[in-house]
Amino acid sequence: RADAAALIRELFFNLRVTWRQGRYVDVLLRLFRLEEAILRHVVERDWSVPTESVDWKADPRFVAFVEGDPGLKSHFDVPDAGGRLLDYRREPNVPILSHLLAGLAQRADAANADEYRAVVEAVGRLEKLTRLRNKSIGAHGFRGVSEAAIREAYGRDRDLLADLEELLL
């Protein structure tokens with residue numbers, strides 16, 4: 001597989017250029033892709049578990065990984081931070097992968113628990129931006145996107161690009 005970390009950094013740099021160009025819908029599209037890529041990379045890198053899907057379902061090895069760990073399997077019986085019960089047998093997506101990392105962070109043998117918590121926290125902060133993307137012309141709606149709308153959704157006291165850079169580099 002290609003150097004996922006390098007590709008993720010390249011995607012971030014592309015997102016930053018897109019921001020500077022004022023192409024804010026495109027920023028949100030890249031942000032959503034970046035979010036998913038980071039989650040997939042961390043799971044695959046640390047646990048050697050494929051996060052790809054087969055016919056809209058999780059790879060059988062992904063399912064076996066979750067079901068082979070009673071603590072992790074029971075973690076999916078608890079709603080995620082958004083109050084949703086997630087089915088790990090479905091195609092791994094941002095909510096499922098984020099919930100998986102939150103569960104892995106609780107394991108006693110998780111050497112990278114602090115990193116997992118940081119990634120899950122970062123993904124949580126991006127939730128309002130995901131909703132903004134979903135309502136924009138880049139996804140399912142026609143709402144315009146501006147720098148002000150992104151700053152409002154992310155938090156006026158936070159710097160999206162600086163937070164992403166800190167997470168990635």
Side-chain angles (χ1 to χ4, degrees), residues 1-5 7-8 11-12 15 25-143 145 150 153-155 158 160 163-164 167-168:
R1 193 165 185 170
D3 182 357
L7 294 173
I8 289 168
L11 181 57
F12 167 71
L15 182 151
V25 170
D26 292 331
V27 166
L28 293 179
L29 298 178
R30 284 160 178 76
L31 183 63
F32 189 78
R33 179 66 188 101
L34 183 68
E35 193 178 5
E36 183 178 57
I38 291 168
L39 289 164
R40 288 182 185 280
H41 172 64
V42 171
V43 171
E44 291 176 3
R45 177 197 68 199
D46 292 357
W47 300 94
S48 301
V49 178
T51 61
E52 300 301 320
S53 63
V54 178
D55 296 326
W56 300 97
K57 294 180 182 153
D59 184 293
R61 294 168 291 177
F62 183 88
V63 173
F65 175 72
V66 173
E67 292 179 350
D69 181 324
L72 202 51
K73 187 171 185 304
S74 68
H75 182 71
F76 276 93
D77 293 334
V78 176
D80 72 348
R84 302 167 291 201
L85 279 175
L86 302 171
D87 184 356
Y88 59 85
R89 294 167 300 219
R90 293 185 52 209
E91 177 179 27
N93 57 20
V94 169
I96 289 170
L97 292 168
S98 183
H99 197 59
L100 176 72
L101 272 189
L104 290 170
Q106 296 174 5
R107 288 176 52 155
D109 65 341
N112 296 330
D114 289 340
E115 178 190 6
Y116 300 164
R117 281 189 283 276
V119 169
V120 170
E121 182 181 308
V123 167
R125 284 194 308 266
L126 298 174
E127 179 63 29
K128 288 182 181 175
L129 292 175
T130 299
R131 287 192 292 252
L132 183 60
R133 177 200 75 101
N134 287 345
K135 294 176 182 178
S136 78
I137 62 169
H140 312 293
F142 290 96
R143 184 171 291 165
V145 178
I150 290 174
Y154 188 64
R158 300 200 67 97
L160 174 62
D163 287 352
L164 290 172
L167 183 67
L168 296 173

Check: Within the side chain of Arg117, is there an N or O that forms a donor-acceptor pair under 3.5 Å with the backbone of Ala105?
Finding: yes
Next item on the list: Compare every heavy atom of Val123 with every heavy atom of Ser98, then report the nearest pair and how far apart it is.
Entry: OG-CG1, 3.9 Å
Checklist line | Under-4.0 Å salt bridge between Glu115 and Arg45 | finding: yes
Margin query: Any heavy-atom pair between the side chains of Leu34 and Leu168 that's under 4.5 Å?
Written below: yes
Notebook entry, point to check: With Asp87, which of Arg84, Arg89, Arg90 fulfils salt bridge (Lys or Arg N to Asp or Glu O under 4.0 Å)?
Noted result: Arg89
Item checked: Min side-chain heavy-atom separation Leu100-Phe62 under 4.5 Å -> yes
Next item on the list: Any chance you could measure Trp47, atom CH2, to Asp69, atom CG, to the nearest 0.5 Å?
Entry: 8.0 Å
Checklist line | Side chain proximity check, Thr51 to Asp59, heavy atoms < 4.5 angstrom | finding: no
Check: Can you name the closest pair of heavy atoms from Pro70 and Gly68 and give their distance?
Finding: CD-O, 3.7 Å
Notebook entry, point to check: So, does His99 use its side chain to make a donor-acceptor pair with the main chain of Val78 at under 3.5 Å?
Noted result: yes
Margin query: Rounded to the nearest 0.5 Å, what separates atom CG in Leu15 from atom CG in Leu28?
Written below: 8.5 Å
Next item on the list: Starting at CG of Leu72, measure out to OH of Tyr88 and round the result to the nearest 0.5 Å.
Entry: 9.0 Å
Checklist line | Distance-minimising heavy-atom pair for Ser53 and Glu91 | finding: OG-OE2, 3.1 Å
Next item on the list: Mind listing the closest non-hydrogen atom pair of Glu36 and Asn93 along with its distance?
Entry: OE2-CA, 4.3 Å
Next item on the list: With rounding to the nearest 0.5 Å, note down the distance linking NZ in Lys73 to CZ in Phe65.
Entry: 14.5 Å
Check: Under 4.5 Å between any side-chain heavy atoms of Arg61 and Val49, yes or no?
Finding: no
N/O donor to acceptor pairs below 3.5 angstrom from side-chain atoms of residues 124-131, sequence neighbours left out:
| unit_1 | atom_1 | unit_2 | atom_2 | d |
| --- | --- | --- | --- | --- |
| Arg125 | NE | Tyr154 | OH | 3.3 |
| Arg125 | NH1 | Glu121 | OE2 | 2.9 |
| Thr130 | OG1 | Leu126 | O | 3.3 |

Check: Where do Phe142 and Ile137 come nearest, in terms of heavy atoms and distance?
Finding: CA-CG2, 3.7 Å
Item checked: Interatomic distance, Phe12 atom CZ to Ile38 atom CD1 [nearest 0.5 angstrom] -> 9.5 Å
Item checked: For the student: nearest non-hydrogen atoms of Leu167 and Ala122, plus distance -> CD2-CB, 3.9 Å
Check: In terms of heavy-atom contacts, does CZ of Arg143 have more than 12 from other residues, nucleotides or ligands at under 6.0 Å?
Finding: no
Note to self: Tell me if a side-chain donor or acceptor on Asp55 pairs with a main-chain N or O of Lys57 at a distance below 3.5 Å.
What the structure shows: no
Next item on the list: Please assess Leu31 against Arg133 for the test side-chain contact (heavy atoms from CB on, under 4.5 Å), listing each intermediate value before the final yes or no.
Entry: CA-CA 9 Å; Leu31 183 63; Arg133 177 200 75 101; over 6 Å; no
